[in-house]
Amino acid sequence: MDKEKIHDYWFKFLRDKNSLYYPLGDITIFGGDPDKLAHLVYDGTKTATTSSYDLYTADEYMPQVGDYNIILDGNEEPLCITETLVTEVVPFKYVSAEHAYHEGEGDRTLDYWREVHEDFFKKEYQEAGKEFNDEILCLCEVFKRIY
């Protein structure tokens with residue numbers, strides 16, 4: 001990750017917005033297929049994401065409403081900036097079809113979302129020495145691309 005390039009990208013955004021106050025939330029590279037997912041954000045197709053709430057550590061950034069996030073592509077280059085609009089914690093089994101649609105992946109159905117995310121979360125939980133089930137808490141985030 002080229003920190004100088006990311007720094008320059010962020011300050012170009014601030015200059016273009018003519019503001020010195022935009023709270024930088026995180027520098028995000030998506031799991032799974034980072035390049036494809038980043039471009040779905042850039043194109044406006046992907047306006048939501050989900051992460052495992054239980055696997056966040058105390059010192060790890062957790063999305064908050066009002067934050068601005070730099071989205072990196074598969075080469076860890078800054079592609080765009082999003083603003084977090086909504087965050088909510090819900091059990092995996094209660095993630096809505098609407099949220100799945102806004103994730104913008106595959107055929108955008110809840111069935112597709114569950115299949116892909118179950119596989120992804122099972123691997124994450126296994127690496128953390130934990131077991132996945134449909135009661136795990138998910139952090140659902142809704143955002144919009146602003147730059």
Side-chain angles (χ1 to χ4, degrees), residues 1-125 127-128 132 136-147:
M1 180 182 310
D2 186 336
K3 291 182 181 180
E4 185 174 332
K5 189 176 282 188
I6 292 167
H7 177 270
D8 291 347
Y9 186 79
W10 178 249
F11 281 99
K12 181 179 183 309
F13 161 71
L14 292 176
R15 279 193 310 276
D16 289 353
K17 291 294 184 181
N18 203 18
S19 174
L20 291 179
Y21 184 73
Y22 277 84
L24 177 59
D26 198 22
I27 299 168
T28 302
I29 186 161
F30 292 105
D33 187 344
D35 201 56
K36 178 181 176 184
L37 297 176
H39 281 88
L40 287 173
V41 172
Y42 184 83
D43 294 341
T45 304
K46 182 174 181 60
T47 59
T49 194
T50 308
S51 54
S52 173
Y53 182 78
D54 295 329
L55 297 182
Y56 279 93
T57 61
D59 62 342
E60 190 175 6
Y61 167 77
M62 187 174 291
Q64 298 179 30
V65 172
D67 283 349
Y68 293 83
N69 304 288
I70 299 172
I71 307 300
L72 304 181
D73 65 16
N75 295 316
E76 297 187 351
E77 298 284 332
L79 182 64
C80 58
I81 294 176
T82 61
E83 177 185 3
T84 301
L85 304 175
V86 175
T87 61
E88 65 178 342
V89 178
V90 297
F92 181 88
K93 68 181 181 181
Y94 293 129
V95 171
S96 70
E98 179 183 12
H99 186 80
Y101 177 83
H102 288 291
E103 286 234 10
E105 300 170 43
D107 64 6
R108 301 178 84 169
T109 64
L110 183 56
D111 287 340
Y112 179 87
W113 181 92
R114 283 190 175 142
E115 179 182 326
V116 169
H117 284 79
E118 182 173 330
D119 182 57
F120 182 78
F121 287 147
K122 278 182 178 179
K123 290 175 186 168
E124 278 196 325
Y125 270 73
E127 288 174 12
F132 170 85
I136 68 152
L137 295 178
C138 294
L139 177 61
C140 297
E141 178 185 0
V142 178
F143 53 81
K144 68 178 178 179
R145 182 177 70 87
I146 60 162
Y147 188 75

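Note: hydrogens, waters and symmetry copies are ignored here, and every other heavy atom, side chains too, is used.
- Summarising the local packing, CD of Glu60 is surrounded by more than 12 heavy atoms from other residues, nucleotides or ligands at distances under 6.0 Å.
- Looking only at atom types and distance, the side chain of Tyr61 has a donor-acceptor partner in the side chain of Asp67 under 3.5 Å away.
- Ring orientation note: the planes of Phe13 and Trp10 are tilted relative to one another, at an angle of 30° to 60°.
- Here the closest heavy-atom approach between residue Ala128 and residue Leu55 is recorded as CB-CD2, 3.8 Å.
- Between Ile70 atom CD1 and Lys5 atom NZ the span is 13.0 Å, to the nearest 0.5 Å.
- Of all non-hydrogen atoms in Ala38 and Ile71, the two that sit nearest each other are CB-CG2, 3.8 Å.
- What you find for Ser51 and Tyr56 is that their closest heavy atoms are OG-OH, 2.7 Å.
- When every heavy atom of Ile27 is checked against every heavy atom of Leu72, the shortest pair comes out as CG2-CD1, 3.5 Å.
- Between atom CD of residue Glu76 and atom CG of residue Asp35 there is a gap of 11.5 Å, rounded to the nearest 0.5 Å.
- Under the salt bridge (charged side-chain N to carboxylate O under 4.0 Å, His left out) test applied with Glu103, the options Lys46, Arg114, Arg108 reduce to a single match, Lys46.
- The distance from atom OG of Ser96 to atom OH of Tyr101, rounded to the nearest 0.5 Å, is 13.0 Å.
- The backbone N or O of Glu77 lies less than 3.5 Å from no partner atom in the side chain of Asn75, so there is not a single donor-acceptor pair.
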_Evaluate Asp119 against Lys123 for salt bridge (Lys or Arg N to Asp or Glu O under 4.0 Å), listing each step before the verdict._
CA-CA 7 Å; Asp119 182 57; Lys123 290 175 186 168; 3.3 Å; yes

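- The structure places NE2 of His117 at 9.5 Å from CD of Glu124, a figure rounded to the nearest 0.5 Å.
- Between Val41 and Leu79 the shortest side-chain heavy-atom distance does not fall below 4.5 Å.
- Atoms CG and CD, on Leu139 and Glu88 in that order, are 9.0 Å from each other to the nearest 0.5 Å.
- Side-chain atoms of Cys138 and Phe121, non-hydrogen and from C-beta on, do get closer than 4.5 Å to each other.
- At least one side-chain heavy atom of Val95 sits less than 4.5 Å from a side-chain heavy atom of Cys140.
- When atom types are taken as modelled, the side chain of Arg145 and the backbone of Tyr42 share a donor-acceptor pair closer than 3.5 angstrom.
- Put simply, the side chain of Asn69 gets close to the backbone of Asp26: a donor and an acceptor are under 3.5 Å apart.
- Contact check for Pro91 versus Leu137: side-chain heavy atoms found under the 4.5 Å cut-off.
- Interatomic distance, Phe143 CZ to Thr87 OG1, rounded to the nearest 0.5 Å: 13.0 Å.
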*Would Tyr147 and Tyr9 satisfy ring pair (Phe, Tyr, Trp, His ring centres under 6.0 Å), going step by step from the backbone distance to the final call?*
CA-CA 10 Å; Tyr147 188 75; Tyr9 186 79; 5.7 Å; yes

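- Between the side chains of Thr109 and Asp111, no donor-acceptor pair of N or O atoms lies under 3.5 Å.
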*After noting the C-alpha distance and the side-chain angles of Leu37 and Glu105, does the key distance pass the side chain to side chain contact (heavy atoms under 4.5 Å, CB included) rule?*
CA-CA 8 Å; Leu37 297 176; Glu105 300 170 43; 3.5 Å; yes

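- In this structure the side chain of His39 reaches within 4.5 angstrom of the side chain of Asp73, judged on heavy atoms.
- The one candidate from Thr50, Thr49, Thr84 that meets the side chain to side chain donor-acceptor pair (under 3.5 Å) condition with Glu141 is Thr84.
- When the options Trp113, Tyr125, Tyr53 are evaluated for a ring-ring contact (aromatic ring centres under 6.0 Å, His included) with Phe92, the one that passes is Trp113.
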